[in-house]
Amino acid sequence: MAERSTAAVDVADNSGEPPLTAKADQATADGVANNPEQDTDSAEAQGSGGIDGPGQNASPPELHSGHKLARRYRLEECVTRLDGFSSWRAVDEKLRRAVGVHILPADHARARSVLAAARSSALLGDPRFVQVLDAVEENDLVYVVHEWLPDATELTTLLTTGPLEPHDAYQMVSQIASAMAAAHREGLAHLRLNPNAVLRTSTGQWRIRGLAVNAALRGISSDTPQRTDTEAIGALLYAALTQRWPYEDDAYGLSGLPKDIGLIAPDQVRAGVHRGLSELAMRALVNDGATASRHEAPCTTPEELVKVIGEMPRIRPPEPAFTAPPEYQRTTYQQGTYGRPAPHPGASQPVTAPPPPLQSRTGKALKWAVSALLIAALGLGSWQLADALMDRGDKSNDTNRTQTQQGGDKGPKAPTAGKPIAIEGARDFDPFSEDRSEKPADIDKAYDKDPSSYWQTDFYLGPKFGNLKSGVGVILDLGKVQQVGKVKIAFKGETSVELRAAGPGTTSEPTSFDAFGKVASGSGTSVTLQPGKQLRTRYLLVWLTELPPAPDEPGHWRGRVADVKVTS
């Protein structure tokens, strides 16, 4: 049986009610060992609304490994069977990739709400959420297909080794809060946002799984969804800082707080906790008339939480550890001792002083030979220097005579400046995002020769694109392959940039980042990029690698390209 991945999009985590927990403990997983510790949180620990009663009478469909849905999705491993539905790891045989599938009977009391939640989540299309790929009702079954992320790790697993570093915790809460604020603007809530629903990919990006769908499968609802999700984000940050769950009951493999002491700040639970993050967790968690440790107003929506995070001082990543080189070890080697017998202990040995260098007969002969060579070299060099000076004088006279006779129009030509190269077209280039697009409507403003207009990127929660990707850029089409001497770029705000170029044999616009080779780099508000060697190309890529803060948007960073000029 294949190893179970913790990065799958499933709902085999905490149910929020003891009856469902009991059912999870009794559930089988098609030959996979049960995982009872995944359903351990209480309604208080979850912090979400109640669970609807209907639907528990519907029997789960009888499926097995190898079963195919829509002649395309082959079921591989059952992750969980619970409350009339099951979750599977499957293979999309058409696209040859792993996917996750939730399945429940079409007559299940929550089948309609699950379909609606899945379709709404799919329409959001935000890459910070694990994407819903398909939602289908077919042959008395309702199933939801979603991404499977084999390279991602649950926050639950990350916390088994200890709390997160302050920079990692800051990145986690920033990205999660920003993603949930975007979801709520579209009318979507999560309501089951817990350590099992938060994943960190191998590139350091944080992603959320189960938006709207997990709550619909469990029948969870809330009269105050924004407040519920905000408090859940506070609980995630609390757990990341302290490795403790901010309620009395243990949950998600974390110990709860001691009984009868109430909610205390993270920096009072564990030494060395970042003070600003500790207060942020309290402002998100304490919403029932209480205040945070410094009496700031509590945050009741993800949007408020994003604003507060933007006002915080930036938390830098830890400096890489430096290993000092080993101390210099003086050797015991002495000249002239190799091959000699070692002296007996306690016996004094006379030491014969070596003769002064070059005092032997051979040394004297060598000194005379070197002296003769130096004298000959000096004589030859003097003769060549004099001959060269005389020859230059003759040429100078000839040149002056030629200029007098011919009016001086045969002198050396002054180097000419590079000629402007027209930019025939441009396109935004964002190869590391889901939609592969970055403000395409304004791309012409990057080279319209009007410094007051500009093309700008989306906003990010850090100069390094919020650690979501390595950069974005603009592809310039020069119309044909030609010699490129310099590229001058004007930015709004100090920006780091690389100049990349496609090969001279490229006849169509490249679509992959690897097709462009780096030829120059720089940073500033006005950057001139000059390739280190001769460059012939048709397609140039202006690749932004570090963004300036947006002056009118506190806590946000944007890149703004005001003008690009290319010369030969």
May I ask you to decide if Gly210's main-chain N or O and Arg192's side chain share a donor-acceptor pair within less than 3.5 Å? no
What's the separation between atom NZ in Lys307 and atom CE in Met312, rounded to the nearest 0.5 Å? 15.5 Å
Note, Leu199 side chain near Leu155 side chain (heavy atom, < 4.5 Å): no
I would like to know whether Phe432 and Ser470 meet side-chain contact (heavy atoms from CB on, under 4.5 Å); could you show each step before the answer? CA-CA 8 Å; Phe432 301 119; Ser470 60; 3.3 Å; yes
State, with a plain yes or no, whether a side-chain heavy atom of His556 is found less than 4.5 Å away from one of Leu461. yes
Below 4.5 Å, heavy atoms only, C-beta onward: do Arg558 and Glu553 meet side chain to side chain? yes
Measure the spacing between CD1 of Ile233 and NE2 of His190 and express it to the nearest 0.5 Å. 10.5 Å
With no hydrogens and no angle check, do the side chains of Trp88 and Ser86 hold a donor and an acceptor under 3.5 Å apart? yes
Under a 3.5 Å cutoff, is there a donor and acceptor pairing between the side chains of Ser255 and Asp250? no
Which value, rounded to the nearest 0.5 Å, describes the distance between Lys492 atom NZ and Gln456 atom CD? 11.5 Å
Please confirm whether the backbone N or O of Cys299 pairs with a side-chain atom of Arg227, one donor and one acceptor, at under 3.5 Å? no
Strictly by salt bridge (charged side-chain N to carboxylate O under 4.0 Å, His left out), give each pair with a member in residues 121-144 just once, sequence neighbours left out. Arg112-Glu137, Asp126-Arg128
Atom CD in Glu186, atom OG in Ser120: separation rounded to 0.5 Å? 10.5 Å
Taking all non-hydrogen atoms of both residues, which atom of Pro195 and which atom of Glu154 are closest, and how far apart? O-CB, 4.1 Å
I need the minimum non-hydrogen distance between Pro548 and Thr495, along with the two atoms involved. CD-OG1, 3.5 Å
Determine, stepwise, if the pair Lys439 / Asp442 fulfils salt bridge (Lys or Arg N to Asp or Glu O under 4.0 Å). CA-CA 6 Å; Lys439 302 290 187 184; Asp442 296 331; over 6 Å; no
Flag side-chain contact, heavy atom, 4.5 Å: Lys469 against Ser433: yes
Between Phe129 and Ala179, which heavy-atom pair has the shortest distance, and what is it? CZ-O, 3.3 Å
Do Glu311 and Pro554 make a side-chain contact, defined as non-hydrogen atoms from C-beta onward lying under 4.5 Å apart? no
To check you understand the geometry: which heavy-atom pair defines the closest contact between Ala189 and Leu211, and what is its length? O-CD1, 3.7 Å
Quick check against the 3.5 Å criterion: does Arg110 have a side-chain atom that pairs as donor or acceptor with the backbone of Leu217? yes
In the structure I gave you, are the side-chain heavy atoms of Glu231 and Thr300 within less than 4.5 Å of one another anywhere? no
Starting from the C-alpha separation in whole Å, work towards a yes-or-no answer on side-chain contact (heavy atoms from CB on, under 4.5 Å) for Val198 and Leu193. CA-CA 7 Å; Val198 175; Leu193 196 56; 4.3 Å; yes
Could you list the donor-acceptor pairs under 3.5 angstrom formed between side-chain atoms of residues 159-171 and any protein atom two or more places apart in sequence or on another chain?
{"from": "Thr160", "atom 1": "OG1", "to": "Thr157", "atom 2": "O", "distance (Å)": "2.5"}
{"from": "Thr161", "atom 1": "OG1", "to": "Leu158", "atom 2": "O", "distance (Å)": "3.1"}
{"from": "Gln171", "atom 1": "OE1", "to": "Gln175", "atom 2": "NE2", "distance (Å)": "3.4"}

Is there a side-chain contact (heavy atoms from CB on, under 4.5 Å) between Glu509 and Arg427 once you walk through the steps? CA-CA 10 Å; Glu509 182 180 300; Arg427 182 176 68 83; 2.3 Å; yes
Do Asp458 and Trp557 pass the side-chain contact (heavy atoms from CB on, under 4.5 Å) test, and can you show the C-alpha distance, the side-chain angles, and the key distance before you say yes or no? CA-CA 8 Å; Asp458 292 325; Trp557 280 259; over 6 Å; no
N/O donor-acceptor pair under 3.5 Å between Arg436 side chain and Pro431 backbone: yes
If you compare all heavy atoms of Leu124 against all heavy atoms of Ala182, which two are closest, and at what distance to 0.1 Å? CD1-O, 4.5 Å
Any donor and acceptor pair, going by atom type alone, linking the side chain of Ser178 with main-chain N or O of Ser174 inside 3.5 Å? no
Parallel, tilted or perpendicular: which describes the rings of Phe513 and Phe429, with under 30° parallel and over 60° perpendicular? parallel
Are any of the side-chain heavy atoms of Arg72 and Glu93 separated by less than 4.5 Å? no
Is Glu279 paired with Arg275 through a side-chain N to carboxylate O contact shorter than 4.0 Å? yes
Between Asp428 and Glu438 (side chain of the first, backbone of the second, donor and acceptor by atom type, cut-off under 3.5 Å), is there such a pair? yes
Output the distance between atom CG (Leu63) and atom CG (Leu141), rounded to the nearest 0.5 Å. 6.0 Å
Main-chain N/O of Leu191 paired with Asp229 side-chain donor or acceptor, under 3.5 Å: yes
Does Arg218 pair with Asp83 as a salt bridge, N-O distance under 4.0 Å? no
For Lys94, does the NZ atom sit with more than 12 other heavy atoms under 6.0 Å from it, leaving out its own atoms? no
Which atom pair, heavy atoms only, marks the closest approach of Asp552 to Arg560? OD1-NH2, 3.6 Å
Rounding to 0.5 Å, atoms CG (Asn467) and CE (Met172) come to a distance of 14.0 Å
Donor-acceptor pair between Thr230 and Thr301 side chains, under 3.5 angstrom: no
Treating Ser222 as the side-chain partner and Thr228 as the backbone partner, does any N or O pair qualify as donor plus acceptor under 3.5 Å? no
Are Glu147 and Arg207 within salt-bridge range, i.e. N to O under 4.0 Å? yes
Does the side chain of Ser278 come within less than 4.5 Å of Tyr238's, by heavy atoms? no
So does Phe516 get a backbone contact from the side chain of Arg500, meaning a donor-acceptor N/O pair under 3.5 Å? yes
Taking the side chain from Glu248 and the backbone from Asp260, do they hold a donor-acceptor pair closer than 3.5 Å? yes
